[in-house]
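Let me begin by presenting the structure, written as structure tokens, before commenting on it.
Just so it is clear: chains get the letters A, B, ... in the order the sequence lines come, proteins before strands, and each one is counted from 1.
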Amino acid sequence: MNRDKGMRKDFFFDPSNSPVVDKVGVEERVSRFQKRSIKKESKLQGLKMILNMIDLTTLEGKDTEGKVKQMCFKAKHLHDSYPGLPTVAAVCVYPSMVKTAKLAVRGSGVKVASVSTAFPSGQAPLEVKLTDTKFAVESGADEIDMVISRGRFLKGDYNFVYDEIAAIKNACGKARLKVILETGELVTLDDVRKASDIAIHAGADFIKTSTGKISPAATLQVTYTMLEAIRDYYDETGIMIGMKPAGGISNSKLALHNLVMVKEVLGSMWLSNEWFRFGASSLANDVLMQILKTETGIYQSGDYFSID
Amino acid sequence: MERLEVLKTYKIYIGGKFPRTESGRYYTPENKKGEQLGNICLASRKDVRNAVVAARKAFGGWAERSAFNRSQILYRIAEMLEGRKAQFIDELIFQGVSHKEANSEVEMSIDRLIYYAGWCDKINQVMGSVNPVSSSHFNFSVTEPTGVVGVVPDGSSSLIGLISLVAPVIASGNTCVVLSSEAMPLCSITFAEALATSDVPGGVVNILTGMRNEMLQPLATHMDVNAMAYAGNKTEEIKMLDESSALNLKRINKYQENWMNRDMQDLYFITDFCEVKTTWHPIENIGGATSNY
């Protein structure tokens, strides 16, 4: 469903009305998701779905055009010796690499996501963040991953955070906006919920847990809290918001637990890469190895898969 | 009041930790008198997988240790065994070995570790070479560890069979996953406890107890295992090993030795799990008449 830009229904949104999160309850609930028995066929289907939901990511100071091109090739050709595999959903890079990435994935259906707003700290004036975002969009980014100002949030300056997200959303144009809460710095689940509500109401198309630079990142507890915020917003308005856990999801088992959780909290509508993504760099190889293990019964070795 | 004896839980050894098997199962082997040896973990193929992951993770660090340091650590294992000598002897006797044999098996095991500890920093001096070539290259060969090794000792002994394979395998820098004797598993876990307190990094030796017919195949087919050490003469197992090794061209070494023979130890047990790397280094002819060296 399209969201009406600018004119929002919820003029009276007040973050202090965000529900308080029952931490013990969340932990109990989350531990249940980890105990589901997943049969072989469903597992195989789930693993392929995970591949198709990955935002293959490289966000390092040492990134070069060569590294980005190599990753884009991998995004299109995950493991050619095993036919019938999907591509990943998107590649995620710094704004300076968007042009290179866009060219490299041309024609493959793989999207290009760019981090922006002085990623990962977000410690820059709004003008700089807007310029950063516009540069990425003009370079061809399909999706923008912005970070919120955690310092201002923790100070209680919620209006500032809200306005900033709204301003960036405006600068995104057609690009979809993912809002990174950096939950590792928000610490409590109450704050995670509050930040989720602010981001959703301010215009986020996706909410995303972390930059991947800080630990803990996408824990199941945090993702669950954010999924609840998405569910409540959907129940209230009928508008779907996407979810992207990022950072620390490096094995198939954890990714499958995430899928189970999305299915049980939000329902099957969210089980596509339009509404759910994994931000990861080393997850793809583990999933590939699991797929081959499931098909052949033989445990695999990293020696026979491409380097991340 | 009479005191109740506290029985030891024998757990498997993976990545330097002592987890229970992920399967939650156990079995209860008995000695010849029909006494139960204990509730022993019945490890599954998933434990094999976890052990291989731990061994792979430990490989880089262990192989890069200086040979001298590996030597010190092997010696340290022997020291720890010496300290637990009485415990090993008791366990061997409990598992049906005579008092005299138990004593000599433990002593032999300790001496064998000392023997291989001595080899660690001499392997390349003996096996490495500078090769004569007909061009201006300094051409030399060195041995390097093969990688992750699956160790399958003959199940007829509890300790010496295991040590006689593990010591040469880790001496050169390999890491290993060891399948303990089905019928006599006690010493393998006590050995793991000695390893855990002897500076051997976690993951270098991983020890699993349970049924061989359940664990051998996943280990032998595992693409991340580079070699297998197999002691025994079971035709079916050997056939399966040979077939499975073809998947990733594992190196398979089979032994039918009597490990209680004091001479059943030499450098070639080490080099069975080494690869030779030859390097061509362009250089002026060192020995030539016009050489500046």
Side-chain angles (χ1 to χ4, degrees), chain A residues 30-44 46-47 50-51 74 77-83 85 215 220 248-257 260 280-308, chain B residues 14-15 19 22-24 43-61 63 144-150 174-177 179 203 206 208 213-228 240-251 275:
Chain A
V30 159
S31 76
R32 299 287 172 84
F33 299 129
Q34 294 167 283
K35 288 172 186 154
R36 300 281 184 267
S37 154
I38 302 172
K39 297 295 172 240
K40 197 175 165 184
E41 253 172 50
S42 321
K43 187 177 166 191
L44 200 58
L47 289 170
I50 290 165
L51 278 185
K74 175 159 183 165
H77 305 270
L78 281 168
H79 195 60
D80 285 349
S81 65
Y82 183 82
L85 289 174
S215 183
L220 284 168
I249 304 172
S250 55
N251 66 60
S252 316
K253 204 174 190 176
L254 194 51
L256 282 168
H257 290 155
V260 169
S281 47
S282 56
L283 174 63
N285 269 9
D286 192 67
V287 175
L288 289 169
M289 281 160 71
Q290 284 302 317
I291 289 177
L292 261 78
K293 158 67 181 62
T294 311
E295 293 268 310
T296 60
I298 292 165
Y299 289 118
Q300 300 296 312
S301 161
D303 290 353
Y304 305 94
F305 294 83
S306 61
I307 296 166
D308 293 315
Chain B
I14 298 178
E22 66 79 41
S23 66
S44 67
R45 59 191 172 87
K46 287 193 179 171
D47 292 309
V48 172
R49 174 198 62 187
N50 294 344
V52 174
V53 170
R56 172 59 62 196
K57 207 171 152 200
F59 174 64
E144 290 183 341
T146 303
V148 174
V149 181
N174 294 295
T175 57
C176 60
V177 176
L179 304 187
N206 305 277
L208 303 174
N213 61 15
E214 195 180 351
M215 297 187 289
L216 189 55
Q217 185 154 27
L219 186 61
T221 53
H222 202 307
M223 297 292 278
D224 216 15
V225 173
N226 305 106
M228 296 286 289
M240 192 271 283
L241 273 181
D242 285 342
E243 283 172 1
S244 307
S245 72
L247 285 168
N248 65 339
L249 303 181
K250 267 182 209 67
R251 208 171 270 294
E275 307 300 322

May I ask you to list the residues in residues 241-250 of chain B that approach chain A closer than 4.5 angstrom, counting heavy atoms only, ordered by number? B/Leu247, B/Asn248
Heavy-atom neighbours of B/Arg56 CZ exceed 12 at 6.0 Å: yes
Is there a side-chain contact between B/Met223 and A/Asp303 in this structure, where contact means two heavy atoms from C-beta onward sitting under 4.5 Å apart? no
Please say whether more than 12 non-hydrogen atoms of neighbouring residues, nucleotides or ligands are located less than 6.0 Å from NZ in A/Lys293. yes
Value for CZ (B/Arg49) from CD (A/Gln300), rounded to nearest 0.5 Å, stands at 13.0 Å
Top residue by heavy-atom pair count (under 4.5 Å) with chain A, among B/Val148, B/Val48, B/Val53, B/Thr221? B/Thr221
Testing B/Asp224, B/Val225, B/Val52 for side-chain contact (heavy atoms from CB on, under 4.5 Å) with A/Ser301, which one passes? B/Asp224
Can you tell me if A/Arg36 has over 12 outside heavy atoms packed within less than 6.0 Å of its CZ? yes
